[in-house]
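Scroll down for the structure; my scribbles are underneath it.
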Amino acid sequence: DHNIQVAGWARTIRMGGKDFCFIELNDGSCQSSLQVVVDSSMPNFAQVSKQATGASFKAVGKLIRSPAKGQLVELQVCCPENHKIKVIGECPGDSYYLAKKKHTNEYLRDIAHMRGRTKTISAVMRIRNNLAYATHRFF
């Protein structure tokens, strides 16, 4: 029953009718993402709901057990007095062209600056980081 703060990039954003916005937030530290549910009572709901995939957010809300299938927990941002969500960086759709589908390595070679945002390359980078850290600890 306390608030937590998270930050990361949106893998997907979708509306849940007129009352909610669902953001799949990922900070790159693991493959799975955190679902952030933003209520329309938040003062900047219009700005948050019009963002596209790739935008970065900082959210303060209540972590609860998720009532839906697919994830164990979700972050609720629903109380304007105690919770907040801030758009850190917008991402226009024409400059972020990674859809939710799987991309071939050949396609990713053409857009090298976006490779780190894919699940495959980010998993490789996490493994590489752990191996480098273990090597530094050993020596």
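You'll find the side chain of Glu90 reaches within 4.5 Å of the side chain of Gln47, heavy atoms only. Counting heavy atoms from C-beta on, the side chains of Leu25 and Leu75 never come closer than 4.5 Å. Contact annotation: the side chain of Val48 approaches that of Phe57 to within less than 4.5 Å [non-hydrogen atoms, C-beta and beyond]. Between Ile23 and Thr12, the closest side-chain pair of non-hydrogen atoms is not below 4.5 Å. Looking at heavy atoms from C-beta onward, Val37 lies out of side-chain contact with Val77 at the 4.5 angstrom threshold.
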Stepwise side-chain contact (heavy atoms from CB on, under 4.5 Å) check, Leu63 with Leu34: CA-CA 10 Å; Leu63 192 68; Leu34 175 66; 4.1 Å; yes
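A donor-acceptor pair is defined here as one N or O able to donate and one able to accept, closer than 3.5 Å; such a pair exists between the side chain of Asn26 and the backbone of Cys30.
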Can you give each donor-acceptor pair under 3.5 Å made by side-chain atoms of residues 80-89, sequence neighbours left out, with the distance rounded to 0.1 Å?
residue: His83; atom: ND1; partner: Cys78; partner atom: N; Å: 3.1
residue: His83; atom: ND1; partner: Cys79; partner atom: N; Å: 3.3
residue: His83; atom: NE2; partner: Asn3; partner atom: OD1; Å: 3.1

Donor-acceptor pairs are to be reported for all side-chain atoms of residues 127-139 against protein atoms at under 3.5 Å, with residues two or more places apart or in another chain.
residue: Asn130; atom: ND2; partner: Arg126; partner atom: O; Å: 3.3
residue: Thr135; atom: OG1; partner: Leu131; partner atom: O; Å: 2.9

Show the atom names and distances, to 0.1 Å, of all donor-acceptor pairs under 3.5 Å that link a side chain in residues 13-20 to residues at least two apart or in another chain.
none

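Nearest heavy-atom pair across Ala52 and Cys91 is CB-O, 3.6 Å. The two residues Gly54 and Trp9 make their nearest non-hydrogen contact at O-CD1, 3.5 Å.
Residue Ile64 shares its hydrophobic cluster (ILVMFWY side chains chained together at separations under 4.5 Å) with no other residue.
Applying the side-chain hydrogen bond (donor to acceptor under 3.5 Å, both in side chains) rule to pairs touching residues 68-78 yields Gln35-Glu74, Ser66-Gln71, Ser66-Glu74, sequence neighbours excluded.
Looking at residues two or more places apart in sequence or on another chain, you find no side-chain hydrogen bond (donor to acceptor under 3.5 Å, both in side chains) involving Thr104.
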